[in-house]
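In what follows, a structure is listed as structure tokens, so that the remarks can point back to it.
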Number of protein chains: 2
Amino acid sequence: MENVRELFHTMTKRLGLLDRNCCAVGGIELSLVQSHILYEIDRMNEPSMQQVADAIAMDITTFSRQIQTLVKMNLVKKTPYPQDRRVYILSLTPEGKYVTAKIDAEVNEYLGEVFSHMSEFERETVLRSIRLLNECMEKSSICCKPLF
Amino acid sequence: MENVRELFHTMTKRLGLLDRNCCAVGGIELSLVQSHILYEIDRMNEPSMQQVADAIAMDITTFSRQIQTLVKMNLVKKTPYPQDRRVYILSLTPEGKYVTAKIDAEVNEYLGEVFSHMSEFERETVLRSIRLLNECMEKSSICCKPLF
DNA sequence: AATAAATAGTTGCATAATGCAAATAAAAGA
DNA sequence: TCTTTTATTTGCATTATGCAACTATTTATT
């Protein structure tokens with residue numbers, strides 16, 4: 001194992017920059033954290049506050065306030081959950097869905113541009129590698145796991 | 001291209017968690033940002049403030065204050081640069097070097113554990129993939145590039 | 001059923017991080 | 001010399017963070 005950390009560091013740094021470039025849609029400017037929250041709500045199935053906060057590995061109190069902001073921005077909706085009245089179910093408003101889709105499209109466009117510098121074979125290999133890496137981090141006992 | 005963004009998102013999320021776990025050494029508790037600053041100073045060659053701030057893609061004013069904190073913590077040294085008296089050269093103190101090395105070792109240990117779930121061949125493939133990905137992000141015109 | 005313990009979410013508060021605008025100081029260009 | 005650019009710092013206002021404590025509700029224990 002050579003300078004593995006350097007490899008990962010460079011990669012995450014660049015991917016982080018890509019992510020940061022993708023937080024503005026129309027007149028709406030999101031923080032990176034807010035864009036991640038929208039992303040998670042979008043892909044989880046009727047999640048509660050706690051579940052999303054866990055998925056993002058974010059303190060619930062900070063999360064609660066971020067959600068308040070996003071609700072005020074009319075991007076997120078909080079619905080009381082009848083089966084357990086302590087719980088709120090989070091969902092995206094139509095505007096939230098739109099913004100999230102736009103961001104998703106932009107990130108994918110950027111990623112597509114990056115992959116355009118590879119051959120089809122290389123692309124497949126890279127994606128398979130990332131999939132494998134994700135599985136191994138999932139398996140890992142000592143790190144990398146959020147709580148969901 | 002299927003759900004490529006999801007793949008990358010999962011990966012960066014997990015790697016981010018790994019990184020966050022690695023900010024405490026002995027009595028010293030670092031923020032993630034501070035640990036990245038130490039990392040960059042360590043690998044750059046006698047960098048100026050501006051150069052490190054650019055490499056991390058961080059606003060120079062925030063960076064300036066982070067450096068003040070790290071100097072107070074006795075992890076970083078600021079040396080006036082005689083050839084240009086506006087400039088300060090940054091370096092790690094012995095204690096800073098120690099902390100940085102410890103963090104490096106811990107991250108590598110975690111990564112090693114992750115890679116232990118792969119065959120030798122898979123490991124090589126994954127590392128080669130990341131190298132390739134980094135090169136392609138380097139080439140990319142529209143994103144992912146810090147300024148250094 | 002009654003009470004205790006656990007859970008979901010919010011708020012108070014203090015601290016840290018952020019970034020724009022403006023300042024200072026030094027170097028480079030005209 | 002005078003103007004412009006560059007490196008770094010500070011003022012200030014805003015936002016983010018997380019612990020402790022709170023409310024409300026559910027679950028467990030007796």
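To find a chain, count down the sequence lines: A is the first, B the second, and so on, and within it residues start at 1. Bear in mind the structure is a predicted one, so any value in this text is a computation, not a measurement.
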Whole-Å distance separating the CD atom of B:Gln66 from the C1' atom of D:dT8: 16 Å
Kindly say whether, by distance alone, the side chain of B:Arg65 makes a donor-acceptor pair under 3.5 Å with the base of C:dG19? yes
Whole-Å distance between C:dT10 P and A:Leu70 CG? 13 Å
Let me see the working for A:Glu106 and B:Arg5 under salt bridge (charged side-chain N to carboxylate O under 4.0 Å, His left out), right down to the final yes or no. CA-CA 10 Å; A:Glu106 201 171 351; B:Arg5 189 191 173 197; over 6 Å; no
Look at the side-chain N and O atoms of A:Arg85 and state whether any lies under 4.0 Å from the OP1 or OP2 oxygen of D:dT25. yes
Describe the nucleic acid contact of B:Thr69 in one word from base, sugar-phosphate, nothing, applying a heavy-atom distance below 4.0 Å. nothing
Is a donor-acceptor pair below 3.5 Å formed from side chain A:Ser64 to base C:dG9, judging by atom type as modelled? no
Could you check whether A:His9 and B:Asp19, counting side-chain N and O atoms only, form a donor-acceptor pair closer than 3.5 Å? no
State whether the side chain of B:Asp42 and the backbone N or O of B:Leu38 hold a donor-acceptor pair below 3.5 Å, judged by distance alone. no
Relative to the 5' end of DNA chain D, which residue comes earlier, B:Met49 or B:Arg20, by the nucleotide with the nearest heavy atom? B:Met49
Does some side-chain heavy atom of A:His117 sit less than 4.5 Å from a side-chain heavy atom of A:Glu122? no
Does a side-chain N or O of B:Thr62 approach OP1 or OP2 of C:dA17 to a distance below 4.0 Å, or not? no
Heavy-atom donor-acceptor pair, B:Arg86 side-chain to D:dT8 base, under 3.5 Å: no
Assign B:Tyr88 to base, sugar-phosphate, or nothing according to its heavy-atom contacts below 4.0 angstrom with the strands shown. sugar-phosphate
Give a yes/no on whether any side-chain N or O of A:Gln51 is located under 4.0 angstrom from OP1 or OP2 of C:dA8. no
The answer to which of A:Gln83 and A:Asp59 contacts DNA chain D further toward the 5' end, by nearest nucleotide, is A:Asp59
Of the nucleotides C:dG19, D:dT8, C:dA27, which one has an atom closest to the side chain of B:Asp84? C:dA27
Check whether any side-chain N or O of B:Gln68 sits under 4.0 Å from OP1 or OP2 of D:dT10, and answer yes or no. yes
